[in-house]
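Encoded as structure tokens, the structure appears first; notes follow it.
None of these values were measured; they are calculated from a predicted model. We name chains A, B, ... by the order of the sequence lines, and we start the count at 1 in each one.
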Amino acid sequence: MAYWLMKSEPGVFGIDDLAKAERKTTHWDGVRNFQARNFMRDMRRGDRALFYHSNCDEPGVVGVVTIAKEAYPDHTAFDKDDPHFDSDSDPKKPRWYMVDVKLERKFRGTVTLATLRQHEQRALKGLTLLKRGNRLSITPVGAAHWKFILALAE
DNA sequence: GCCAACGTTGGC
DNA sequence: GCCAACGTTGGC
């Protein structure tokens, strides 16, 4: 089982939205970056991911989700009225994919980006999220980093 | 294949 | 709102 980190803007879709969703499950649409897409296609059912709030007052990790369904075509790319529409994605040969995620756990508080940065030279050295200029919405997380971040949430 | 221009991300 | 960093596009 692999570990991941998935970013979402709470103003658009935050962890509380996921908590309110039917079966606490949603499809993770709108990824329009090739590297992030490739990571998403590597996801397997049962993998787990950190839910990260970006572009907000308190950026950081707010909970854990599990991958409930492996990558399948992102239909929003075919919808002209969708903000993520991409005319280059052909339904016969989809360019973009999404997965389903299910909420496993919401942290009591936020493990903030500032807290993660306090450990970036030691326990969290090499965490992709903390690398300079990283903007990927989906990144892998190593087992040791995963364990450490969950411990920070206690 | 190079690279300038442009759009987006996301922390601050 | 600012701006650094990055990905993508398109002219050449």
How long is the line joining CD of A:Glu58 and C1' of B:dG10, in whole Å?
16 Å
Just the rounded figure in Å: distance from P of B:dG10 to NE2 of A:His53.
13 Å
Can you see which heavy atom on A:Ala49 is nearest to which on A:Met6, and at what distance?
CB-SD, 3.7 Å
Enumerate, atom names and distances included, each donor-acceptor pair closer than 3.5 Å involving a side-chain atom of residues 145-153 of chain A, sequence neighbours excluded.
unit_1, atom_1, unit_2, atom_2, d
A:His145, NE2, A:Ala123, O, 3.4
A:His145, NE2, A:Lys125, O, 3.0

Any side-chain N or O of A:Tyr52 less than 4.0 Å from the OP1 or OP2 oxygen of B:dT9?
no
Checking A:Arg37 now: which residues fulfil salt bridge (Lys or Arg N to Asp or Glu O under 4.0 Å) with it, not counting sequence neighbours?
none
Distance check: side-chain N/O of A:Lys7 vs OP1/OP2 of B:dG10, anything under 4.0 Å?
yes
Using atom CZ of A:Phe39 as one end and atom P of C:dG7 as the other, report the distance to the nearest whole Å.
12 Å
Let me check the geometry of the helix from B:dG1-C:dC12 to B:dC12-C:dG1. What is the bend angle between the axes at its two ends, five pairs each, to 10°?
10°
Is it the case that more than 12 heavy atoms not belonging to A:Arg44 sit under 6.0 Å from its CZ atom?
yes
Among residues at least two apart in sequence or on other chains, which ones pass side-chain contact (heavy atoms from CB on, under 4.5 Å) with A:Ala71?
A:Arg41, A:Tyr97, A:Val99
List in numerical order all residues of residues 110-138 of chain A for which some heavy atom is under 4.0 Å away from an atom belonging to DNA chain B.
A:Leu113, A:Arg135
Quiz: residues 11-24 of chain A side-chain donor-acceptor pairs under 3.5 angstrom, not counting sequence neighbours:
unit_1, atom_1, unit_2, atom_2, d
A:Asp16, OD1, A:Lys106, NZ, 2.8
A:Asp17, OD2, A:Gly14, N, 2.8

